[in-house]
Amino acid sequence: MKRRTFVKSSLGAAASAVASRFPLPRVESNTLRSAAAKKNLLAGSAVSRSQLENAALTPILAEQCNILVAENEMKWKATQPERGHYDFAAADDLLAFAESNGMRVRGHNLCWHEDQPQWFSDLVTRENAAAILKEHIHNVAGHYAGRIHSWDVVNEAIDPEGDRKDGMRDSLWMQLLGLRYIAIAFHAASEADPKALLTYNEFGLEDDDPYNERRREITLEFLRWMRTNQIPIHALGLQSHLKARYDYLPDWGGLRSFLKQVAKLDLRVFVTEFDIEDSELSAKSEKREKQVAELCRDYLKNVLKHPHVTAVLTWGMVSHPTREKVGFDRASGKQHIALPLDENLRPTPFLSAMIEAIEKR
Ligand code: XIL
């Protein structure tokens with residue numbers, strides 16, 4: 001082998017070894033990622049541990065997203081499966097993937113009434129609840145300190161249809177600590193990671209109907225209460241699990257005035273878990289996808305009008321059957337939750353609609 005050839009090929013090998021350890025983001029034109037970057041927006045998706053092992057999906061994530069969030073891997077069950085035993089392996093992998101591709105990461109979540117490990121309800125008492133909550137948040141948010149764009153500190157704390165007069169959810173946290181649990185959680189997160197934007201994340205705030213309107217009212221009261229009590233919060237998360245209805249687009253009037261009120265509280269807004277249930281639409285995929293895309297475009301157009309909305313994440317990239325409706329029979333077996341890619345990882349009109357709405361901002 002001539003010397004020159006040798007030098008060339010060994011350099012090439014070294015470069016590609018580095019490239020595979022730290023793959024460069026493939027920012028191509030006309031992607032969600034490039035459209036978002038131009039508007040100084042964050043756009044991305046939730047991702048699960050198994051999806052991160054899917055070699056067909058990961059390049060698409062790197063190409064389309066500049067922010068990711070763990071679907072389940074940062075929840076209590078994953079991070080503290082046994083009392084005092086913390087496991088960060090799955091979430092560490094997500095952070096490594098995101099950071100090597102120049103993406104930000106949201107943290108989800110530090111306090112929720114669901115997805116608690118069994119030990120929690122077995123061991124928790126009024127006496128130890130505050131200490132357990134603080135310790136968990138100090139350990140988990142502390143582990144990732146400085147690397148998280150925003151933490152969903154408290155998730156889904158309102159329940160206007162429940163028993164409490166104030167519209168707050170009567171969760172185990174509430175029963176043990178009263179409203180104090182909210183303050184404890186946000187203060188602990190602020191101590192553990194002063195750089196992360198601390199977020200309250202909620203569902204059912206988007207649509208026009210009285211159910212959503214009531215939830216907006218209670219959420220505003222709750223956010224005002226947080227401000228009055230100097231609880232460190234920076235943002236509201238709109239989960240945005242929408243449902244497509246045949247031949248109908250909401251007016252979004254309630255949402256618009258809600259977002260103005262939220263801006264007055266000096267809070268940013270993130271769309272955190274966007275997806276569209278399309279089970280009621282036509283079984284014909286083309287027609288259904290078009291209607292879903294219309295709703296997606298219309299929703300994002302309305303939300304992105306507000307300058308304090310700075311991030312949009314879908315709850316996954318790949319369309320899938322709903323969890324709640326397993327067994328739901330639609331003759332053709334089409335997907336029921338629509339997302340930017342179809343089951344074969346091909347882009348759907350949902351993705352183009354997202355890009356369009358962002359480009360028009
Ligand atoms: C869901 C996950 O997608 C499921 O895999 C898991 O079994 C349950 O949680 N609101 C949230 C998310 O804040 O954490 C939920 O994620 C969906 C609803």
Side-chain angles (χ1 to χ4, degrees), residues 44-54 57 61 65 67-81 90-91 93-94 105-118 120-121 136-137 140-141 148-162 168-169 171-173 182 185-186 189 196-207 211-212 215 219 222 233 235-243 269-279 311-327 335-341 343:
S45 171
V47 59
S48 67
R49 180 176 218 173
S50 64
Q51 285 169 342
L52 267 192
E53 283 158 14
N54 179 344
L57 181 62
L61 292 171
C65 305
I67 187 162
L68 294 177
V69 60
E71 182 175 358
N72 291 307
E73 292 71 9
M74 288 194 184
K75 294 174 182 172
W76 279 60
K77 217 187 254 172
T79 52
Q80 196 182 169
D93 284 350
L94 170 64
V105 175
R106 300 199 71 243
H108 175 84
N109 56 57
L110 295 172
C111 181
W112 192 24
H113 61 285
E114 279 185 35
D115 216 71
Q116 291 294 98
Q118 183 57 46
F120 176 71
S121 52
H136 180 88
I137 295 180
V140 177
I148 297 291
H149 165 263
S150 49
W151 264 111
D152 289 332
V153 179
V154 172
N155 200 31
E156 304 179 351
I158 66 154
D159 182 18
E161 295 181 322
M168 298 302 293
R169 184 183 295 279
S171 64
L172 188 49
W173 286 118
I182 310 264
F186 275 88
L197 297 171
L198 306 185
T199 308
Y200 171 61
N201 193 41
E202 190 53 86
F203 69 89
L205 303 173
E206 301 83 11
D207 223 320
Y211 168 82
N212 280 254
R215 295 180 61 83
T219 300
F222 172 51
I233 174 172
L236 169 70
L238 295 178
Q239 290 190 5
S240 312
H241 296 291
L242 303 189
K243 186 177 168 72
V269 173
F270 310 134
V271 171
T272 52
E273 305 185 12
F274 186 30
D275 58 14
I276 298 181
E277 198 211 316
D278 65 4
S279 321
V312 176
L313 290 94
T314 53
W315 202 241
M317 284 298 272
V318 188
S319 303
H320 58 83
T322 55
R323 282 175 201 86
E324 298 75 21
K325 290 191 181 164
V326 179
Q335 68 260 28
H336 310 301
I337 296 279
L339 283 160
L341 307 175
E343 281 100 333

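Note that the coordinates shown come from a computational prediction; the quantities given were computed from them, not determined experimentally. Counting convention: from 1, in listed order, for ligands and their atoms alike.
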**Q** Taking the six-membered ring for Trp, are Phe186 and Trp151 ring centroids under 6.0 Å apart?
**A** no

**Q** Parallel under 30°, tilted from 30 to 60°, perpendicular over 60°: which one fits the rings of Trp173 and Phe120?
**A** tilted

**Q** Assess Trp315 for proximity to ligand 1: is some non-hydrogen atom of it under 4.0 Å away?
**A** yes

**Q** Hey, which atoms in ligand 1 end up nearer than 4.0 Å to a heavy atom of Trp112?
**A** 9 (O), 14 (O), 15 (C)

**Q** Which pairs pass salt bridge (charged side-chain N to carboxylate O under 4.0 Å, His left out) with one or both residues in residues 149-162, sequence neighbours excluded?
**A** Arg106-Asp152

**Q** Going by the closest heavy atom to atom 15 (C) of ligand 1, which one wins out of Gln239, His241, Lys75, Glu114?
**A** Lys75

**Q** Show the atoms of ligand 1 that are less than 4.0 angstrom away from any heavy atom in Asn155.
**A** 11 (C), 13 (O)

**Q** Taking only residues two or more places apart in sequence, or in another chain, which ones meet Phe274 in a ring pair (Phe, Tyr, Trp, His ring centres under 6.0 Å)?
**A** Tyr299, Phe350

**Q** Which one holds for Asp115 and ligand 1: side chain close, backbone close, both close, or neither close, with close meaning a heavy atom under 4.0 Å?
**A** neither

**Q** Going by distance only, is there an N or O of Asn72 that falls short of 3.5 Å from an N or O of ligand 1?
**A** yes

**Q** Work out which heavy atom in Thr199 is nearest to a heavy atom in Gly237; give both atom names and the distance.
**A** CG2-N, 3.5 Å

